[in-house]
Amino acid sequence: MKRLRTDHSHKILHLVSLVPYGCVVSYGQLADLAGLPGRARLVGRTLRVHNTEQLPWHRVVAANGRLSLPKGSPALNEQRQRLISEGVTFKGNAITGACVAMTKHQWQPDLGAILMLFDG
DNA sequence: CCATTGACGGGCG
DNA sequence: GCGCCCGCCAATG
């Protein structure tokens, strides 16, 4: 595991593992839950750098519902594919201008449970 | 050391 | 909705 200077990766990756089937979270939301407000980019870096093979990484999208992976990348197709297969719906053109319908699918975590997980 | 670059977010016009 | 700008900050050249 690559290690960032102040390593918040464990917390972030754990939170990702909690996102339920058919739901999505935003990078900023994960940052908030991890106690790192305003650090959405750190979450993105963490997912890019670490091995996410065992995680539902595809459930992490931008706050506005956009899929933030590089346009045309295999990973982007994979993410869209997986979300669709989980029943996640999109606004606009489902192929090109795809935006997840956040109001329907955004994860609403049990905040009490989250606090417990990280020593509340 | 400085500049640019991101799997981002939010405010404003 | 869209573009612009700013805050964020580790990594990269």
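In what follows, chains are A, B, ... by sequence order, proteins preceding strands, each numbered from 1.
Side-chain atoms of A:H58 and A:Q81 form no donor-acceptor pair, as typed in the model, at a separation below 3.5 Å. Between the side chains of A:T89 and A:H105, at least one donor N or O sits under 3.5 Å from an acceptor N or O.
One atom, CG of A:L36, and another, P of C:dA10, lie 11 Å apart when rounded to the nearest Å. Whole-Å rounding puts the A:L69 CG to B:dT5 C1' distance at 16 Å. For A:N51 and B:dA7, the CG to P distance is 18 Å, given to the nearest whole Å. Spacing between atom NE2 of A:H8 and atom C1' of C:dC9 amounts to 12 Å, rounded to whole angstrom units. Distance CG (A:N77) to P (B:dA7): 16 Å, rounded to an integer number of Å. We find that CE of A:M102 is positioned 8 Å from P of B:dG9, with the value rounded to whole Å. For the pair A:W57 CH2 and B:dC8 P, the computed distance is 14 Å after rounding to whole Å. A straight line from CZ of A:R41 to C1' of B:dT5 spans 8 Å, rounded to a whole angstrom.
Side chain of A:S73 to main chain of A:L76: a donor-acceptor pair is present (N/O by atom type, distance under 3.5 Å, no hydrogens or angles).
In this structure, C:dG3 forms a base pair with B:dC12, meeting either the Watson-Crick or the G-U wobble geometry with both donor-acceptor distances under 3.5 Å.
Dashed line: the shortest gap from a side-chain N or O of A:S26 to OP1 or OP2 of B:dC8 is not under 4.0 Å.
Residues A:Y21 and A:V61 do not share a hydrophobic cluster, clusters being chains of Ile/Leu/Val/Met/Phe/Trp/Tyr side chains in contact below 4.5 Å.
In this structure, A:R48 reaches the bases: a heavy-atom distance under 4.0 Å links it to at least one base atom across the strands shown.
Side-chain proximity of A:A63 to B:dG9, B:dA7, C:dA10: nearest is B:dG9.
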